[in-house]
Each structure stands twice: as C-alpha cells, then as structure tokens.
Amino acid sequence: QFGFLGTELMAEGPLSKKGNSSYLVMGRYSTLSLMQKIGIQLGTDAVPVYGDYAFKLNWNLKRGGAFSVFSLGGKSKIDILISDQKEFSADLYGESDRDQYFGTTMAVFGLNYKKPLNEKTFLNVTLAQSFDEQHSKHEYVLRHLDTNAIDGSVRIQVDSIYPMMRYQYKNFKTSNQIALNHKISKRHFIRFGVNTDVFFVNQQDSALALVTDTQFVKRWDFAGSSFLIQPFVQWKWRATENMDLTLGVHAQYFSLSNSISYAEPRFGWKYRMKKNQSIFAGAGLHSQTQPYYTYTYHKLDANGSKIYHNKNMDFTKSIHTGFGYEKSFNKSFNIRSEVYYQYLYKIPVTTIPSAYSLINMGGGFQRFFPDSLSNTGTGVNYGIEVTVQKYFDKSFFFMFSGSLYDSKYKGSDGVVRNTSYNGMYVCNLLAGKEFKLNQKQSISIGLKTTVAGGKRYGYADIQASKKLNEIIFKDSLFNERQFRDYFRMDLKINWKYNTSKVTHEIGLDLVNIFNTKNLLSLAYSPNLANPNADPISEKQQLGFLPIFYYKIDFHFNKKQ
C-alpha cells in the first residue's frame with residue numbers, strides 16, 4: 001500500500017507444501033513530511049515520523065498440538081521546534097519557550113504452545129519478552145521580536161538556546177501465562193492458571209536549575225526489578241440450554257510495594273430467551289497497580305540519601321457491576337444495551353488536603369512529580385450504553401453506539417469533582433455502502449461521525465504559571481470548566497478492481513471534512529508581541545486532512 005502516510009507491505013501464506021504451517025509478516029513506514037512539502041496544512045507544527053513491524057509463524061504439531069512465534073515493534077519520534085518559527089503565532093503547537101524532542105521505541109517477542117493433554121484437558125502456555133523506551137530533551141529558547149526589518153515585517157529573532165532538561169525511561173518485562181482448561185462434564189467447565197510478569201526498569205531524569213547552568217543535576221534516578229503474580233480460577237456452568245453461569249476468583253501480589261489482594265470474586269450470567277433475546281449481568285472486584293514511576297520517584301534527605309515516599313502504595317480497588325439486554329432481529333441486525341455502575345476506592349491522593357487524585361492521570365500532557373500519597377481517594381462511574389448494528393449485508397452496513405455517563409471523584413480535601421474524563425456523553429455513527437459497477441469493479445463510500453462532551457479543565461493561576469514558565473491550575477477550581485463539545489466527521493471513498501491474481505484499490509480518506517476546530521489542551525504560551533497578554537492559550541486538534549492511498553493485493557495459489 002502506497003499513500004501520503006507512507007508505505008506498507010504485508011504477506012501471508014503457508015511455510016511449506018504440507019499445509020501444517022503458515023506465516024504472516026508486515027512492515028510499515030510513515031512520514032507526514034511529504035505532505036508539508038507539497039503545502040498541505042496538517043493542523044500542527046510538529047510532524048511525527050514512525051515505523052513498525054509484526055510477524056507470526058504457526059506450526060501444527062502431532063496429536064493436536066500447535067506452536068507459534070510472534071513479534072511486533074515500532075519506533076517513533078517527533079520534534080516540536082519553536083526556534084524554527086520565523087513569524088509570531090499564538091497558534092503554535094506545544095510550549096512557546098522551548099524546543100522539545102520526543103522519541104519512543106517498543107518491541108515484543110513471544111512463544112505460544114497449545115496442547116490437548118487428553119479428551120477433556122487442554123494446556124495453553126505463552127512466554128513473552130517486551131521492551132519499551134521513552135526519551136525526551138527540552139531546550140530553552142530566548143527570543144525577541146525584530147521590528148527593524150527593511151520590508152517592515154515583524155520577525156522573531158532567536159537570541160540563544162540553552163539545554164533545559166532530559167529524561168529516559170527503559171522498561172523490560174518478561175511475561176508468562178500458564179492455563180489449563182478442563183471439561184468436567186457436558187455442563188461444567190473449569191479453567192485455572194497463573195500470569196507472571198517480571199519487570200526490569202531504568203529511569204533517569206535530569207535538569208538544569210537555571211538556564212545559565214552548565215551541569216545537569218539528576219532529580220530522578222532509579223534502576224531495579226520487581227514482579228507481579230496473578231493466579232486465577234474460573235468455573236462455567238451451563239445450567240440449562242438457555243442459561244450460563246460463570247464464577248471466578250482472582251488474586252495478585254506486587255513485590256515492589258509488597259501489595260497483595262487475596263481473593264477477588266468475579267461473576268457472570270446470561271439467559272437466552274425467545275425471539276432471539278437475551279439478558280446478561282456481571283459483577284466483580286478488581287485491583288490495579290499504580291503507574292510504575294509513581295512508586296520509584298524519590299526525594300533526598302539532608303544527607304543526600306534517597307527517600308521513596310510512595311513505594312508502599314497499595315492497589316487501587318474497583319467494584320464493577322453491569323446489567324444488559326440484547327436482541328437480534330435477523331442474521332444481520334442487532335441491538336444491545338447495558339447499564340453499569342463502578343465504585344473505585346483506595347485511589348492515591350495527596351496526604352496534604354488538595355484536589356489531586358491519581359484517577360486523573362493521563363488526562364493531559366503535564367508530567368507529574370508526586371508528593372506523598374495515600375490510598376484514601378474514591379471515585380464513581382455510572383451510565384448507560386446502547387449499540388445498534390447492521391452487519392454487512394446486501395452491500396450496506398452501519399453501527400451506532402451512544403453512551404450517557406457521569407464520572408466523579410473525591411480527593412483528600414473531601415470535595416466531589418468531575419474527573420478529567422467526564423464528558424457526560426459520546427455518540428459514534430459508522431456506515432458504509434458498496435456499489436457494484438460490474439463483476440470486477442466496485443465503489444464504496446464510508447462515513448464516520450463522532451460527537452462527544454468536551455474535556456474538563458480548570459482555571460489557570462497566571463502568576464504561578466509565569467513564575468514557573470508552565471501552566472499551573474488553581475487547585476480549588478480543578479475541573480470546574482469544560483471545553484466545547486467535540487465533533488468530527490470523516491468520509492472515505494474507494495474504488496476496487498478485482499482480477500483472479502490482483503486486486504487494485506484506490507482510496508481517499510477525508511479526515512475531519514468540516515475542518516472542525518476541536519480543542520486539545522491549554523498550554524503556557526507567552527505572547528512576544530504583547531507581554532501583558534494572557535499567556536494561557538488553547539491548542540487545537542487536527543484539522544482537515546485528505547489521505548490518498550493505493551493498495552495492491554496479489555493472490556497466489558498452489559498452481560502458481
């Protein structure tokens with residue numbers, strides 16, 4: 001496949017003529033720099049460059065066994081450079097006082113073995129090694145407006161660039177799952193096993209106290225290992241021809257914080273009724289570790305020794321409940337609805353009363369250097385979801401999904417607030433129609449529309465933001481405001497030409513066809529032209545983006 005986003009190659013087929021083995025391999029490389037060169041506006045000043053791969057090899061063994069090898073990985077980078085800005089613009093993506101360089105790498109390699117031990121027992125074993133790395137470098141840029149140009153224009157002059165801060169996080173993880181499935185009788189099935197993860201991490205973060213300094217000071221330096229063990233057992237009972245009941249128990253232990261959850265019950269139930277109707281329900285207790293770096297961030301005492309003040313944080317706990325109804329009208333039309341309620345507790349919050357809660361992590365781009373935390377926060381999520389779907393039949397399909405929900409939390413100050421994800425509603429519509437021109441040619445049109453409540457945010461503390469050169473929100477007014485609602489419509493048109501050996505496809509994806517100015521975030525962006533202006537600006541998401549591609553599928557059979 002060839003297109004503005006790059007080139008992709010994929011192949012799959014048998015490894016031998018015996019037909020007992022197969023392969024799938026693919027690679028992709030993509031860059032948006034070509035689009036910038038031909039003058040297409042991307043809606044951002046930063047262009048990502050990335051590549052990735054994946055493959056899987058399968059062998060069927062004797063006596064019903066199977067063995068597979070799989071791997072996937074990728075590498076990406078993006079540079080957000082304000083030093084290249086020649087004319088002042090308040091719409092610049094990123095922070096307006098620094099050049100930022102970001103990069104990531106990840107890879108997974110694994111093995112899977114399946115084997116029936118007898119007519120009633122089945123073994124499944126998976127072993128995998130994964131690696132991920134993130135790094136960044138920030139450089140402080142001193143600039144001023146040059147109003148003395150001969151042509152009368154106002155240009156930006158870069159005075160100097162200073163190293164500011166840099167970090168690199170490396171994570172290695174060895175994972176293993178062993179599971180046994182046993183059929184006790186026609187109505188009773190049991191599955192049990194254990195998941196094990198071993199972590200090896202190396203985290204480094206350094207910065208300059210002042211832009212005039214020459215030596216970086218490490219403010220975060222951790223290297224160590226830990227493991228997470230999760231045993232489980234699950235019993236399924238086919239009570240009648242129309243009713244299934246599933247019960248299970250899960251436990252886990254995390255060595256870094258010495259956290260243990262002895263028994264987490266899980267429950268699932270489904271009852272099939274007449275006229276293709278069914279009702280279902282489920283409930284369960286779940287535990288989750290905190291983001292790894294929140295355990296390993298440290299402070300220094302008077303002697304310079306490291307103090308890991310959050311290393312003993314416990315799991316966050318969550319009680320999930322749900323009840324639903326589903327009906328199929330024919331082979332291609334289905335309606336499904338569900339109501340749910342989730343109560344979260346033992347969420348890390350600051351020991352000093354504040355609005356902060358770890359429940360909001362990931363809702364923005366700011367990095368977090370945790371103060372002392374305790375597992376005393378709570379949260380509640382509840383809502384209703386509806387999905388109406390017509391599967392592809394008679395050259396047409398569509399799917400509508402909608403959700404109304406509420407998401408609240410309580411920090412250590414005891415105040416109930418909106419979480420950063422509480423948009424209140426989201427609706428998606430996906431539809432497509434195929435038109436047959438003749439036996440070999442067809443044209444397809446697809447439409448995708450998303451409408452959602454805006455992201456939550458708060459009021460910025462202007463004086464504190466100017467002092468620290470980054471956006472600082474007022475704690476007492478956290479998440480009191482909301483961006484305008486999100487709306488985006490995409491249109492896809494493609495033409496296919498089929499032959500016995502080759503299929504050609506030419507397509508055009510029109511992303512955000514109405515060029516809707518959806519908001520992404522707030523950023524600290526001082527105005528060089530007016531230093532007294534509000535330094536907090538709104539950053540927009542991707543605007544209209546046409547994506548052209550040409551895809552070729554080659555078909556080979558045994559005779560060829």
Side-chain angles (χ1 to χ4, degrees), residues 1-15 21-44 46-58 68-79 102-110 112 128 130-134 392 397 399 430 432 434 440-448 450 488-513 541-557 560:
Q1 178 170 302
F2 308 90
F4 283 146
L5 295 182
T7 301
E8 177 179 346
L9 298 173
M10 185 186 77
E12 60 177 328
L15 284 171
S21 60
S22 63
Y23 74 93
L24 185 148
V25 60
M26 65 166 291
R28 180 177 61 167
Y29 179 78
S30 178
T31 175
L32 295 174
S33 58
L34 175 63
M35 300 183 69
Q36 277 196 331
K37 290 180 180 179
I38 61 178
I40 296 178
Q41 298 298 319
L42 301 177
T44 176
V47 177
V49 178
Y50 59 90
D52 53 55
Y53 77 92
F55 72 81
K56 186 175 183 181
L57 311 177
N58 300 283
S68 63
V69 179
F70 60 89
S71 180
L72 62 89
K75 189 177 182 66
S76 66
K77 72 172 186 175
I78 184 170
D79 300 335
F102 297 96
T104 62
T105 304
M106 68 81 61
V108 178
F109 179 83
N112 176 257
S130 62
F131 166 77
D132 67 89
E133 180 266 349
Q134 307 101 43
F392 189 79
F397 77 93
M399 182 178 72
L430 181 67
E434 183 181 59
K440 294 185 177 181
Q441 299 184 72
S442 65
I443 293 178
S444 297
I445 298 177
L447 180 71
K448 179 182 178 181
T450 299
R488 177 176 139 185
M489 181 178 289
D490 302 340
L491 181 66
K492 180 179 180 180
I493 304 172
N494 71 308
W495 167 82
K496 280 187 179 181
Y497 181 79
N498 296 293
T499 69
S500 60
K501 298 181 179 180
V502 181
T503 297
H504 300 270
E505 180 178 344
I506 297 176
L508 180 64
D509 286 341
L510 302 175
V511 179
N512 196 0
I513 58 176
Q541 298 194 31
L542 187 71
F544 173 64
L545 178 63
I547 302 175
F548 169 82
Y549 68 92
Y550 173 38
K551 181 178 179 182
I552 310 173
D553 285 322
F554 300 92
H555 313 288
F556 302 95
N557 55 41
Q560 294 171 315

_Any side-chain heavy-atom pair of T104 and D132 under 4.5 Å_ = no
*asked:* Measuring from atom NZ of K56 to atom CG of N112, what distance do you get when rounded to the nearest 0.5 angstrom?
replied: 6.5 Å
*Could you tell me whether the side chain of S71 and the main chain of V108 form a donor-acceptor pair under 3.5 Å?*
yes
*NZ of K440 to NE2 of H504: how many Å apart, nearest 0.5 Å?*
10.5 Å
_As a quick check of understanding, evaluate side-chain contact (heavy atoms from CB on, under 4.5 Å) for I552 and V502, giving each step before the final call._
CA-CA 7 Å; I552 310 173; V502 181; 3.6 Å; yes
*salt bridge (Lys or Arg N to Asp or Glu O under 4.0 Å) with D509: which residues, sequence neighbours excluded?*
none
_Could you check whether any side-chain heavy atom of K496 comes within less than 4.5 Å of a side-chain heavy atom of S444, counting everything from C-beta outward?_
no
*Evaluate the side-chain proximity of Y29 to Y53: yes if any heavy-atom separation is below 4.5 Å, no if none is.*
no
_Atom pair CG (L15) and OG (S22), whose distance is rounded to the nearest 0.5 Å_ = 6.5 Å
*asked:* Distance check, rounded to the nearest 0.5 Å: Q1 atom CD versus R28 atom CZ?
replied: 9.5 Å
*asked:* For Y23 versus L57, what's the shortest heavy-atom pair and its separation?
replied: CB-CD2, 3.6 Å
_Heavy-atom side-chain proximity of F397 to L430 below 4.5 angstrom_ = yes
*Sort out for me which residue in F548, W495, Y549 forms a side chain to side chain contact (heavy atoms under 4.5 Å, CB included) with L508.*
F548
*Output, in order, the C-alpha distance, side-chain angles, deciding distance and verdict of side-chain contact (heavy atoms from CB on, under 4.5 Å) for V49 and D79.*
CA-CA 9 Å; V49 178; D79 300 335; over 6 Å; no
_A side-chain contact here means heavy atoms from C-beta on lying under 4.5 Å apart; do I506 and Y550 qualify?_
yes
*Any ion pair linking R488 and D490 (charged N to carboxylate O, less than 4.0 Å)?*
yes
*Do N498 and D553 come close enough that some side-chain heavy atom pair is under 4.5 Å?*
no
*To the nearest 0.5 angstrom, please state how far the CZ atom of F2 sits from the CG atom of L9.*
6.5 Å
*Is M106 close to D52 at the side-chain level, that is, under 4.5 Å between some pair of heavy atoms?*
no
*Separation between CG of N494 and CD of E434, rounded to the nearest 0.5 Å*: 8.5 Å
_Closest non-hydrogen atom pair, T499 against H555_ = O-CD2, 4.4 Å
